[in-house]
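Input: a single structure, listed below in structure tokens.
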Amino acid sequence: MQIDVINPATKRVVETLNRSNVEEVNDAVATALQSFETWRQKTSEERGVVLHAIADGIEASATELANLIVSEQGKPLPVAMMEVGGAVAWTRYNADLSQKPEVLEDSEERRVEVHRLPLGVVASITPWNWPLMIAIWHIMPALKAGNSVVVKPSSNTPLSTIKLVDIVCEVEPGLLGFVLGGKVAGEALVTHPDVKKLVFTGSTPTGTHLASLIAKDLKKVTLELGGNDAGIVLANADIDKLASKIYMSAFINMGQTCAALKRLYVHRSKYDALCNALVDMAKAEVVGNGMEEGVTFGPVQNKNQYDLVTSMIRQARDSGSEVIAPELPEGLDGYFIAPTIIKNPPLELSVVCDEQFGPVLPVIPYDDVKEVMKDAIHKEFALGGSVWGEESDELDWVVEQLDSGTVWINNHAEVLPHIPFGGNKLSGLGVEFGVEGFLENTRRKVVSYSKK
Ligand code: ADP
């Protein structure tokens with residue numbers, strides 16, 4: 001069976017690729033294992049040099065990578081260039097991480113060190129929203145720690161990942177392999193006995209299913225799963241200052257970002273002013289094919305997502321909520337949805353309770369922050385959350401109440417290479433980024449010297 005990679009801005013096939021069968025998955029793991037045996041012998045500094053050479057290769061291919069991302073994913077070219085820039089930054093951050101044993105005690109009685117060893121072959125399974133950047137998030141810390149990697153990109157967006165594999169293998173052959181497909185290739189990969197860790201970004205059902213398949217082997221797992229991030233705008237928030245940041249954190253990448261703001265709760269005193277500002281920003285977007293000059297807002301990535309998000313908007317309209325969106329330009333034939341603001345949605349509406357993962361933001365007015373927090377804290381998900389306002393006891397209280405992996409104040413969806421990022425509850429297991437994320441790609445060996 002084949003994979004048709006579709007350009008979501010045109011619905012045309014960009015490329016047709018073969019799915020990997022189990023034999024091909026086995027071959028990819030065998031090649032990665034062979035490469036691991038030499039890669040693990042290198043020092044951390046030597047691996048750092050290789051990662052910087054990979055970053056150079058990504059920079060040299062930046063335009064090609066960005067074009068591939070636009071054609072398979074749909075985002076506007078400047079956003080794709082930003083994605084490539086992020087890929088370089090995360091690669092260089094990991095290149096520079098040092099990996100010295102940690103000394104826990106050095107006394108007359110003993111010296112105790114913690115050494116960190118690589119795991120072996122790591123399986124990476126990535127989604128279709130930030131295909132290159134998320135692959136980099138998985139791959140680079142794993143490589144720096146001395147592992148080799150086999151990546152399985154989403155069948156919707158494999159092209160930029162395949163190019164990345166080329167770039168890596170030009171620097172260090174065999175270090176990074178790829179397989180293509182969904183369940184067959186993915187499950188064969190993660191359950192392969194020579195694969196020692198899974199790092200997965202995607203939906204909660206798929207992530208928990210894959211983790212359950214390998215639980216009996218006690219393989220390491222890092223999961224970055226669904227979310228339904230809430231933002232709470234306090235009565236003392238400066239709307240003029242914050243509105244554009246709020247807009248960006250909800251509509252970045254057409255809302256298809258794990259840690260985007262997905263539900264906005266606004267104190268009634270600021271409600272109309274903020275909604276008006278958000279609607280003005282939505283109207284200013286230039287919706288179209290991401291390859292065209294001046295376009296700021298592309299399609300959603302695939303038909304399923306288009307159907308899901310448009311049905312949520314329809315439900316909102318049927319519920320009597322005010323649905324505000326600019327007209328789409330004529331002549332578009334892709335999975336386009338205009339940036340949409342939903343005013344006064346009932347709290348039980350799907351677009352409020354469930355993750356929309358698309359360009360639609362429900363904005364809910366509130367009078368009492370204590371009351372609204374009961375709804376803002378999601379029963380299942382806790383990836384990110386934010387509070388917007390001036391310093392106050394109320395702001396501190398909201399920060400304390402939010403139970404997400406990250407709480408932003410006057411910001412949302414900001415991720416950085418050196419700051420750990422991960423979800424609580426059903427939003428994930430473990431973290432990525434920073435030293436903590438890096439260490440998830442290692443096994444610990446405590447070395448204890450007795451001095452007496
Ligand atoms: P979505 O497609 O909504 O982002 P998924 O969790 O279905 O979320 O997909 C995320 C990644 O997981 C993709 O690379 C997809 O191909 C992969 N995937 C989906 N189902 C399986 C499975 N049963 N085994 C392995 N990988 C899978």
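We're numbering straight along the sequence, starting at 1. All of these numbers come straight from a predicted model, not from anything done at the bench. Counting convention: from 1, in listed order, for ligands and their atoms alike.
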Suppose I only count heavy atoms of Lys183 and a 4.0 Å limit; which atoms of ligand 1 are within that range? 22 (C), 23 (N), 24 (N)

Nearest to atom 4 (O) of ligand 1, what protein heavy atom do you find, and at what distance? Trp128 NE1, 3.3 Å

So for atom CD, which belongs to Glu400, do other residues, nucleotides or ligands contribute more than 12 heavy atoms lying within a distance under 6.0 Å? no

Between Arg263 (side chain only) and Asp375 (backbone N and O only), is there a donor and an acceptor less than 3.5 Å apart? yes

Give yes or no for whether the N/O distance cutoff of 3.5 Å, strictly under, is met between Glu187 and ligand 1. yes

Take the angle between the ring planes of Phe357 and Trp128 and call it parallel below 30°, perpendicular above 60°, tilted in between. perpendicular

Going by heavy atoms, is Phe357 under 4.0 Å from ligand 1? no

With the side chain counted from C-beta on, respond yes when Tyr93 and Met140 share a heavy-atom pair under 4.5 Å apart, and no when they do not. no

Which option, Thr206, Thr157, Ile3, owns the non-hydrogen atom nearest atom 21 (C) of ligand 1? Thr206

Give the residue, atom name and distance (to 0.1 Å) of the protein heavy atom nearest atom 6 (O) of ligand 1. Ser203 OG, 2.7 Å

The atoms of ligand 1 lying under 4.0 Å from a heavy atom of Thr126, numbered in the order shown, are 11 (C), 13 (C), 14 (O)

Partners meeting ring-ring contact (aromatic ring centres under 6.0 Å, His included) with Trp137 (sequence neighbours left out): Trp90, Phe433

Is at least one protein non-hydrogen atom found at under 4.0 angstrom from atom 24 (N) of ligand 1? yes

Counting non-hydrogen protein atoms only, what is the nearest one to atom 15 (C) of ligand 1? Give residue, atom name and distance. Lys152 NZ, 3.7 Å

Would you say Trp39's side chain and Asn147's backbone share a donor-acceptor pair under 3.5 angstrom? yes

With no hydrogens and no angle check, is any side-chain donor or acceptor of Lys42 less than 3.5 Å from a backbone partner on Val50? no

For ligand 1 and Ser155, I'd like to know whether there is a polar contact (N/O to N/O, distance under 3.5 Å). no

Run down the list Ile125, Thr201, Leu225 and name the one with the heavy atom closest to atom 26 (N) of ligand 1. Ile125

Taking Cys258's backbone N and O only, do any of them form a donor-acceptor pair with Lys262's side chain (distance below 3.5 Å, no angle check)? yes

